[in-house]
**Student:** 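Got a structure here, written out as structure tokens. Questions coming.
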Amino acid sequence: MLQEKITQYTAEINAFSTDHADELEQFRIKFLGTKGIIKDIFDEFKAVSPEEKRTLGKVLNEFKQLAEAKYQSLKDLTEVADTAKDSGLDLTLPGEGFEVGARHPLALVRREIVEIFNKLGFIVAEGPEIEDDWHNFSALNFPEEHPARDMQDTFFIKKGGEKGDIALRTHTSSVQVRMMEAGKPPFRAIMPGRVYRNEAISARAHCFFHQVEGLYVDENVSFADLKQTLFYFVQELYGEGTKVRFRPSYFPFTEPSAEMDISCTICKGAGCQMCKYSGWVEILGCGMVDPNVLENCGIDSKKYSGFAFGMGIERIANLKFEIKDLRLFSENDARFLKQYKTSLI
Ligand SMILES: [Zn+2]
């Protein structure tokens, strides 16, 4: 008898649902009230035989817990619904979608470059974007009035100052100077960062861009070390079999200086628009640190030698992703930026 009642009421409780407070109150009175069904059943339970008590006791307790849990969960729901009604919210409306962001392609390439040089033991060094003349030019072997200063159109901020005019840095070489001034060899570091040039904005030039420079200073560092380091870097970044070649060049802060080309990653040397049908593309400048630069930074150039290199992250990214217009990097068009969501993460 009692078991049947419990089964029947269990089905009733399971089927019950409401978000109206008054209906829920009727449910409470019917089952959980002082004169409710559960009270009646517990009274009946007292009269059953000891054997039945053993089996029914557990069933009865579970039944009571079921009724209480049902009541509590519906009570929570009706309270939420009431709050929503009071504040004019419509809980049936769909929620706002959650959009996953994407790393900027330049951040992806920068991270990849940093990881490759990390494997060779290069640490990351950083410095200020607003620099004085000493750190941006003079210490790097750009004497006053030297025509080499015209190679880089500069955004000047303030004339004069303890260490010369103040300007937005035109390259991250200034970080190399700061590092060498502050420490003692050996140095093995890369300097990623944003740099500024006073140039008209076009598909191929911008007033700011990003560089990664590298510096290695120790005893007996040679041009062969430079070549092997950069060769390793190119194989890691563009894949094994990528060819490199060095062409003599001129920079005030290195002697000898070179520009490094790699075999075109797009046409594999056959000739295309990117490599202007030469099969080669220039990706960086490099050379042995000029002894004057070492001396300017307080380093004995007879004991120590070093190499340095520098590349534009935009250029590396252009070759990797075949992006033909530099302006896309800074226009914040999500459709452009999102394309690179899965390519390297
Ligand atoms: Zn090509």
Side-chain angles (χ1 to χ4, degrees), residues 103 105-126 171-173 175-176 179-180 183 185-193 195 209-249 251 253-269 274-275 278-290 293-294 304-322 340 343-345:
R103 280 189 190 275
L106 293 179
L108 290 173
V109 172
R110 173 191 154 131
R111 192 167 66 171
E112 203 176 352
I113 294 170
V114 168
E115 276 173 10
I116 294 170
F117 283 106
N118 275 168
K119 285 191 220 166
L120 292 172
F122 284 74
I123 61 162
V124 171
E126 285 176 330
H171 47 198
T172 51
S173 309
V175 185
Q176 300 188 22
M179 189 181 193
M180 287 192 282
F187 299 107
R188 187 159 41 172
I190 52 169
M191 300 81 188
V195 302
F209 58 98
H210 301 80
Q211 281 190 328
V212 177
E213 294 203 357
L215 175 72
Y216 185 18
V217 177
D218 202 348
E219 291 179 39
N220 302 317
V221 175
S222 71
F223 203 94
D225 297 319
L226 166 63
K227 282 172 82 173
Q228 187 54 41
T229 302
L230 294 179
F231 181 76
Y232 172 81
F233 164 67
V234 167
Q235 306 305 303
E236 288 286 303
L237 188 66
Y238 291 109
E240 269 184 48
T242 309
K243 292 188 192 121
V244 299
R245 74 175 185 188
F246 291 82
R247 286 178 289 104
S249 185
F251 304 108
F253 33 79
T254 46
E255 180 60 36
S257 304
E259 275 165 4
M260 190 179 84
D261 300 337
I262 59 167
S263 49
C264 180
T265 52
I266 293 159
C267 66
K268 308 288 172 213
M274 179 67 93
C275 61
S278 70
W280 295 93
V281 280
E282 182 202 326
I283 65 160
L284 56 81
C286 58
M288 300 306 291
V289 182
D290 193 299
V293 175
L294 295 176
Y304 295 103
S305 56
F307 65 73
F309 55 87
M311 66 193 97
I313 301 181
E314 279 83 349
R315 178 145 190 84
I316 305 291
N318 287 354
L319 283 170
K320 203 158 179 72
F321 299 133
E322 299 182 37
Y340 307 99
S343 57
L344 282 172
I345 288 172

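Computed from a prediction, not measured in an experiment: that's the story for all the values here.
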**Student:** Apply salt bridge (charged side-chain N to carboxylate O under 4.0 Å, His left out) to Arg110 and list each qualifying residue two or more places apart in sequence or on a separate chain.
**Tutor:**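 Scan of Arg110 (salt bridge (charged side-chain N to carboxylate O under 4.0 Å, His left out), adjacent residues dropped) gives Glu126.
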**Student:** Once rounded to the nearest 0.5 Å, what's the spacing between atom CD of Glu322 and atom CE of Met274?
**Tutor:** 6.5 Å
**Student:** Between His171 and Glu213, which heavy-atom pair has the shortest distance, and what is it?
**Tutor:** CB-OE2, 3.7 Å
**Student:** Ile123: what forms a side chain to side chain contact (heavy atoms under 4.5 Å, CB included) with it, not counting sequence neighbours?
**Tutor:** Met179, Ala189
**Student:** Can you tell me if CD on Glu219 sees more than 12 non-hydrogen neighbours from other groups inside 6.0 Å?
**Tutor:**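 It does: Glu219 CD has more than 12 such atoms within range.
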**Student:** I'd like to check the side chain to side chain contact (heavy atoms under 4.5 Å, CB included) partners of Thr254; sequence neighbours left out, ordered by chain and number.
**Tutor:**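 With sequence neighbours excluded, Thr254 shows a side chain to side chain contact (heavy atoms under 4.5 Å, CB included) to Phe251, Ser257, Ala308, given in chain and number order.
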**Student:** Under the side chain to side chain contact (heavy atoms under 4.5 Å, CB included) rule, collect the residues that match up with Arg315, sequence neighbours excluded.
**Tutor:**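 Partners of Arg315 by the side chain to side chain contact (heavy atoms under 4.5 Å, CB included) criterion, ordered by chain and then number, come out as Val281.
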**Student:** Once ring pair (Phe, Tyr, Trp, His ring centres under 6.0 Å) is applied, do any residues pair with Tyr304, and if so which ones, sequence neighbours excluded?
**Tutor:**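 In terms of ring pair (Phe, Tyr, Trp, His ring centres under 6.0 Å), with neighbours along the sequence ignored, Tyr304 is linked to no residue.
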**Student:** Looking only at side-chain N and O atoms, does Gln235 offer a donor or acceptor that is under 3.5 Å from a partner on Thr242?
**Tutor:**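 Thr242 vs Gln235: no donor-acceptor pair found between side chains.
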**Student:** Would you sort out whether Ile316 and Met311 count as a side chain to side chain contact (heavy atoms under 4.5 Å, CB included), showing the intermediate values?
**Tutor:** CA-CA 8 Å; Ile316 305 291; Met311 66 193 97; 3.8 Å; yes
**Student:** Could you list the residues that satisfy side-chain hydrogen bond (donor to acceptor under 3.5 Å, both in side chains) with Ser305, not counting sequence neighbours?
**Tutor:** none
**Student:** Under the rule for side-chain hydrogen bond (donor to acceptor under 3.5 Å, both in side chains), what residues qualify as partners of Arg247, not counting sequence neighbours?
**Tutor:** Glu259, Asp261
**Student:** Could you grab the distance from atom CG of Leu284 to atom CE of Met260, nearest 0.5 Å is fine?
**Tutor:**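 Taking CG in Leu284 and CE in Met260, the distance rounds to 4.0 Å.
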**Student:** How many angstroms lie between CD1 in Ile190 and CD in Gln176, if you round to the nearest 0.5 Å?
**Tutor:** 11.5 Å
**Student:** Using the side-chain hydrogen bond (donor to acceptor under 3.5 Å, both in side chains) criterion, which residues pair with Glu314? Sequence neighbours excluded.
**Tutor:**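 Applying side-chain hydrogen bond (donor to acceptor under 3.5 Å, both in side chains) to Glu314 gives His210.
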**Student:** Specify the closest pair of heavy atoms between Lys320 and Leu237, including all atoms of both residues, with the distance to one decimal.
**Tutor:** NZ-O, 3.0 Å
**Student:** Please set out all donor-acceptor pairs under 3.5 angstrom arising from side-chain atoms of residues 223-233, sequence neighbours excluded.
**Tutor:**
from	atom 1	to	atom 2	distance (Å)
Asp225	OD2	Ser222	N	2.8
Asp225	OD2	Ser222	OG	3.4
Thr229	OG1	Asp225	O	2.7

**Student:** Let me see the working for Trp280 and Arg245 under side chain to side chain contact (heavy atoms under 4.5 Å, CB included), right down to the final yes or no.
**Tutor:** CA-CA 9 Å; Trp280 295 93; Arg245 74 175 185 188; 3.3 Å; yes
**Student:** What's the shortest heavy-atom distance between Pro192 and Val114, and which atoms?
**Tutor:** CG-CG2, 4.2 Å
**Student:** With sequence neighbours excluded, tell me which residues meet side chain to side chain contact (heavy atoms under 4.5 Å, CB included) with Lys268.
**Tutor:** none
**Student:** As a quick check of understanding, evaluate side chain to side chain contact (heavy atoms under 4.5 Å, CB included) for Lys119 and Glu236, giving each step before the final call.
**Tutor:** CA-CA 10 Å; Lys119 285 191 220 166; Glu236 288 286 303; 2.7 Å; yes
**Student:** Please report the interatomic distance CZ(Phe307) to CG(Asp218), rounded to the nearest 0.5 Å.
**Tutor:** 10.5 Å
**Student:** How close do Arg188 and Leu120 get, heavy atom to heavy atom, and via which atoms?
**Tutor:** NH1-O, 3.3 Å
**Student:** Would you mind reporting whether Leu294 and Met180 have side-chain heavy atoms less than 4.5 Å apart?
**Tutor:**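 They are in side-chain contact.
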**Student:** Going through the distances and angles, do Tyr340 and Phe321 end up as a side chain to side chain contact (heavy atoms under 4.5 Å, CB included)?
**Tutor:** CA-CA 9 Å; Tyr340 307 99; Phe321 299 133; 3.5 Å; yes
**Student:** Looking at every heavy atom in both Val217 and Val221, which two are closest together, and how far apart are they?
**Tutor:**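 For Val217 and Val221, the tightest heavy-atom pair comes out as C-CG2, 4.4 Å.
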**Student:** As an exercise, state the distance from SG of Cys286 to CZ of Phe246, rounded to the nearest 0.5 Å.
**Tutor:**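 The SG atom of Cys286 sits 5.0 Å away from the CZ atom of Phe246.
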**Student:** Got Pro256 and Pro248 here, is their nearest side-chain heavy-atom distance under 4.5 Å?
**Tutor:**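 No - every pair of side-chain heavy atoms lies 4.5 Å or more apart.
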**Student:** Measure across Ala317 and Leu106 and return the closest heavy-atom pair with its distance rounded to 0.1 Å.
**Tutor:**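 Where Ala317 meets Leu106 most closely, the heavy atoms are CB-CD2, 4.1 Å.
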**Student:** If you round to the nearest 0.5 Å, how far is CD1 of Ile283 from CG of Asn318?
**Tutor:** 12.5 Å
